[in-house]
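Beneath this line is the structure, given in structure tokens, with notes to follow.
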Amino acid sequence: MTEQAREREVPVVHPVQPAASADTPIARAAQAAVVARSGGDAWPRPTSCRVITIANQKGGVGKTTSAVNLAAALAMHGCRVLVLDLDPQGNASTALDVDHRSGVPSVYDVLVDDQPLASVIRPVAGFAHLYCAPASIDLAGAEIELVPLVARESRLARALASYDASSLDYIFIDCPPSLGLLTVNSLVAAPEVLIPIQCEYYALEGLEQLLRTIELVRSHLNPRLSVTTILLTMYDGRTRLASQVADEVRDHFGSVVLRSVIPRSVRVSEAPSYGQSVMTYDPGSSGAVAYLEAAKELTGRTAELPA
Ligand code: ADP
Ligand code: MG
């Protein structure tokens, strides 16, 4: 069975109720664009902007994919969302189709040159209220350029403190795959951490080191910091291993783990090459539905957060 055929078998609740005519890719994309612009049913918005760092020093676990698709799902439902790309690779910027060539105003200028955050934020096409602060490759040098600067771990926090976030509901910070100064900056800047965990062997390796780093940042630099959300990604229902990893994570972390699990889906991995989130690229696919459910769950958690 092809991956696509298997995805179709998964019973899904469509985020966009497909009209009878929406069974071609073009019709689906058009319908998704309508929802993205006009908004689906409005979801509850937090009373103040939630800043969520998406961190895991392992590469390829779904940090960027989760940042982009959670943000898109929330923006499709009336929330105002900024994706702050902190990875020099600029994958989130690519997926949102925001220019991030070397030299364009980017998060680099904010961190290293004290430019105001507002001056680098760009709207994401096709969405009423989705924005991106892009990362250019210049950011690769920032790990070193930041070293001699004053309060080098708090540069992003400072930039966010002087940015008026009252017009936003969510800021997602997409971290690079390391525990260097860029990730530390994002942990200092946010009260919430979301850890994506890939449902694969070795998934839990390195988690201890990440949690230790978070604890260090919490005790020395950002007492508000806590891991509020864990998202299981790339779940392959065919393997016993995936469910074992999921069970283990749930046993260990309890209610912090979202009930929604993101399945492995070809559509999810195809979307970025079209400069799109899977939410617009194929809203009826299992990956889009799962991200929609995860995003909805995230909105419901506002009340549970520690003050
Ligand atoms: P990270 O940001 O943690 O390095 P990415 O989000 O870039 O990870 O994901 C790594 C790769 O896996 C990318 O090519 C992405 O398209 C793919 N991917 C992510 N989530 C899924 C999924 N649910 N199904 C299939 N491929 C996925
Ligand atoms: Mg990434």
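Read the numbers this way: they start at 1 and go in the same order the structure lists the ligands and their atoms.
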What is the closest protein heavy atom to atom 10 (C) of ligand 1, and at what distance does it sit? Gly60 CA, 3.5 Å
Are Leu84 and Val107 close enough that some pair of their side-chain heavy atoms sits under 4.5 Å apart? yes
May I ask you to test the Leu96-Gln276 pair for a side-chain heavy-atom distance under 4.5 Å? no
As a quick check of understanding, evaluate side chain to side chain contact (heavy atoms under 4.5 Å, CB included) for Asp282 and Glu270, giving each step before the final call. CA-CA 10 Å; Asp282 190 352; Glu270 284 173 353; over 6 Å; no
Does Cys175 reach the side chain of Leu182, with side-chain heavy atoms less than 4.5 Å apart? no
Can you count the protein N/O/S atoms lying under 2.8 Å from the Mg ion (ligand 2), leaving waters out? 1
Could you find the nearest protein heavy atom to atom 25 (C) of ligand 1 and give me its residue, atom name and distance? Ser265 O, 3.1 Å
Is there a path of hydrophobic side-chain contacts, each under 4.5 Å between heavy atoms of I/L/V/M/F/W/Y residues, joining Leu181 to Leu117? yes
Of the protein's non-hydrogen atoms, which lies at the shortest distance from atom 27 (C) of ligand 1, and what is that distance? Val268 CG1, 4.0 Å
Taking heavy atoms and a distance under 4.0 Å, where does Ile262 meet ligand 1: side chain, backbone, both or neither? side chain
In the structure I gave you, are the side-chain heavy atoms of Asp41 and His77 within less than 4.5 Å of one another anywhere? yes
Which residue owns the protein heavy atom closest to atom 8 (O) of ligand 1, what's the atom, and how far is it? Gly62 N, 3.0 Å
Contact between Phe253 and Leu211 at the side-chain level, heavy atoms closer than 4.5 Å - yes or no? yes
Is there a path of hydrophobic side-chain contacts, each under 4.5 Å between heavy atoms, that joins Val147 and Val217? no
Are Glu293 and Ser260 close enough that a side-chain donor and a side-chain acceptor fall under 3.5 Å? no
So which protein heavy atom does atom 6 (O) of ligand 1 come closest to, and at what separation? Thr65 OG1, 2.5 Å
Can you sort out which atoms of ligand 1 are near Gly59, meaning under 4.0 Å from one of its heavy atoms? 4 (O)
For ligand 1, which atoms have a heavy atom of Pro263 less than 4.0 angstrom away? 22 (C), 23 (N), 24 (N)
Is Thr233 in contact with ligand 1, taking contact as a heavy-atom separation below 4.0 Å? no
Counting both backbone and side chain atoms, is some N or O of Lys63 under 3.5 Å from an N or O of ligand 1? yes
Establish whether Val68 and Leu258 are linked, either directly or via other cluster members, by ILVMFWY side-chain heavy-atom contacts under 4.5 Å. yes
Given the rule that I, L, V, M, F, W and Y join up when any side-chain heavy atoms are under 4.5 Å apart, are Leu179 and Ile214 in one cluster? yes
Heavy atom of the protein closest to atom 12 (O) of ligand 1 (residue, atom name, distance): Met234 CE, 3.9 Å
Do Gln57 and Pro177 have side chains that approach each other closer than 4.5 Å (heavy atoms only, starting at C-beta)? no
Per-atom filter on ligand 1: closer than 4.0 angstrom to a heavy atom of Val61 are 1 (P), 3 (O), 8 (O)
Protein contact of atom 17 (C) of ligand 1 - nearest heavy atom, named by residue and atom, plus distance: Ser269 CB, 4.2 Å
How far is atom 7 (O) of ligand 1 from its nearest protein heavy atom, and which residue and atom name does that atom have? Thr64 CB, 4.0 Å
Got Pro46 and Asp169 here, is their nearest side-chain heavy-atom distance under 4.5 Å? yes
